[in-house]
A.B. asks: 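Below you will find the structure I want to go over with you.
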Amino acid sequence: MTGPQKRGRGRPREAAHEERVLTAAAQLLLEGGVAACTVEAASRRSGVSKPAIYRRWPHRTALAIEAFAAHIDRLVPLVETGDSAHDLVQAVAHLAEYYQGRDGVVFAQLVAAAVLEPGTAELLNARFFAPRRAALRALWERGVARGELDPHVDADAAIDLLFGPAAFRLLLGHQPVDVDSCVHLARTAVQGLLLTRPTTPPPSPTTTGG
């Protein structure tokens, strides 16, 4: 007769710890911004030791970026209805909605950190921007395949046109980042991205006189 088997240790436990740390870090970000999201504070709130946190995230900014990315992924999912133009505009609307509050403040602070702290820009791109851009790129490609979007337009250029204005307004503060204005900007951009189907050219104008 064999004795009781020992429960395996490793990834399931680590995954649970990671989730607790990311949840705690996201709460700290929304309460006090990037300055409040320290490894010590995340450790106290999550109950996970600082050495364990440092094994996963080398510094506080790395933890803040990943926590914010996970937070935005949960709150701003990319929804597809089969109408690419509508889906792209709605994605802009959802992001603008959350950027009006504390999420916008945290995003601006992370962008500032990317400018000031060496290596942070690459980390912000890899952990936050790249996954969202990949999902948007796939949405764009499906719209092209359905014959809705112009295949001659580069997907990354389209993403910049659609989502750049909201980020630009947020960072400079020269215009509001309200949903209505951002949707208007997105719809204006989308009009130039839709596939223009060939039509019969109009007859050439006739000239009069000698």
Side-chain angles (χ1 to χ4, degrees), residues 15-39 41-42 45-46 53 56-81 84 86-117 119-140 155-156 158-173 176-183 185-186 189:
H17 283 183
E18 286 184 12
E19 184 175 353
R20 283 161 51 193
V21 172
L22 289 175
T23 298
Q27 292 171 352
L28 291 165
L29 284 170
L30 296 178
E31 291 169 7
V34 174
C37 186
T38 65
V39 171
R45 184 165 298 199
S46 66
I53 294 176
R56 177 65 180 82
W57 296 279
H59 47 75
R60 55 181 286 178
T61 308
L63 172 60
I65 289 172
E66 190 153 343
F68 185 68
H71 167 70
I72 290 295
D73 284 344
R74 285 193 299 269
L75 292 183
V76 193
L78 188 60
V79 179
E80 293 193 52
T81 64
S84 298
H86 170 80
D87 295 341
L88 288 167
V89 171
Q90 284 302 110
V92 173
H94 291 154
L95 203 59
E97 180 181 359
Y98 283 97
Y99 279 176
Q100 291 179 81
R102 289 295 303 173
D103 293 300
V105 174
V106 174
F107 176 74
Q109 291 175 349
L110 290 174
V111 171
V115 174
L116 298 173
E117 299 177 16
T120 300
E122 292 81 359
L123 191 60
L124 187 62
N125 276 312
R127 296 294 189 183
F128 181 77
F129 290 114
R132 296 193 66 80
R133 290 183 72 92
L136 288 166
R137 200 177 295 116
L139 188 156
W140 174 269
D156 286 300
I159 292 168
D160 287 345
L161 285 171
L162 287 163
F163 292 86
F168 188 69
R169 287 186 171 197
L170 174 66
L171 295 175
L172 290 190
V177 194
D178 62 281
V179 174
D180 288 343
S181 63
C182 288
V183 164
L185 289 168

A.B. asks: Do His71 and Leu29 come close enough that some side-chain heavy atom pair is under 4.5 Å?
C.D. replies: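 No, too far: nothing below the 4.5 Å cut-off.
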A.B. asks: Please assess Leu185 against Leu162 for the test side-chain contact (heavy atoms from CB on, under 4.5 Å), listing each intermediate value before the final yes or no.
C.D. replies: CA-CA 8 Å; Leu185 289 168; Leu162 287 163; over 6 Å; no
A.B. asks: I want to check something: taking the side chain as every heavy atom from C-beta on, are Leu22 and Leu63 in contact at a cut-off of under 4.5 Å?
C.D. replies: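 Contact flag for Leu22/Leu63 side chains = yes.
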A.B. asks: Check whether Asp87 reaches the backbone of Glu80 with its side chain - one donor and one acceptor, N or O, closer than 3.5 Å.
C.D. replies: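 No, the answer is negative, given that no donor and acceptor are paired below the 3.5 Å cut-off.
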A.B. asks: Please check if atom CD in Glu19 has more than 12 non-hydrogen atoms from other residues, nucleotides or ligands closer than 6.0 Å.
C.D. replies: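 No - once you tally the heavy atoms of other residues, nucleotides and ligands closer than 6.0 Å, there are 12 at most.
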A.B. asks: Determine yes or no for a side-chain-to-main-chain donor-acceptor pair under 3.5 angstrom, with Arg20 supplying the side chain and Ser46 the backbone.
C.D. replies: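 Yes; judged by distance alone, with no hydrogens or angles, the pair exists.
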A.B. asks: Applying side-chain contact (heavy atoms from CB on, under 4.5 Å) to Phe163 and Leu136, what does each step give before you reach the verdict?
C.D. replies: CA-CA 11 Å; Phe163 292 86; Leu136 288 166; 3.6 Å; yes
A.B. asks: Is there a side-chain contact between Leu123 and Glu117, using heavy atoms and a 4.5 Å cut-off?
C.D. replies: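 Not touching, per the 4.5 Å side-chain cut-off.
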A.B. asks: Would you say the side chain of Val21 lies within less than 4.5 Å of the side chain of Arg56, judging by non-hydrogen atoms?
C.D. replies: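 Arg56 does not reach Val21 side chain to side chain.
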A.B. asks: Looking at Arg133 and Asp160, does any basic side-chain N land under 4.0 Å from a carboxylate oxygen?
C.D. replies: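 Yes, charged N to carboxylate O under 4.0 Å.
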A.B. asks: Describe, in one word, how the ring planes of Phe107 and Tyr99 are oriented to each other, choosing from parallel (under 30°), tilted (30 to 60°) and perpendicular (over 60°).
C.D. replies: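 Plane angle under 30°, so parallel.
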A.B. asks: For the residue pair His86 and Thr81, establish whether any side-chain heavy-atom pair is separated by less than 4.5 Å.
C.D. replies: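 Yes, at least one pair of side-chain atoms sits under 4.5 Å.
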A.B. asks: Verify, without hydrogens or angle tests, whether Arg60 (side chain) and Ala35 (backbone) share a donor-acceptor contact under 3.5 angstrom.
C.D. replies: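 Yes, because the side chain of Arg60 sits within donor-acceptor range (under 3.5 Å) of the backbone of Ala35.
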A.B. asks: Is a side-chain N or O of Arg127 found less than 3.5 angstrom from the main chain of Glu66, in a donor-acceptor match?
C.D. replies: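 Side chain of Arg127 to backbone of Glu66: no pair is present.
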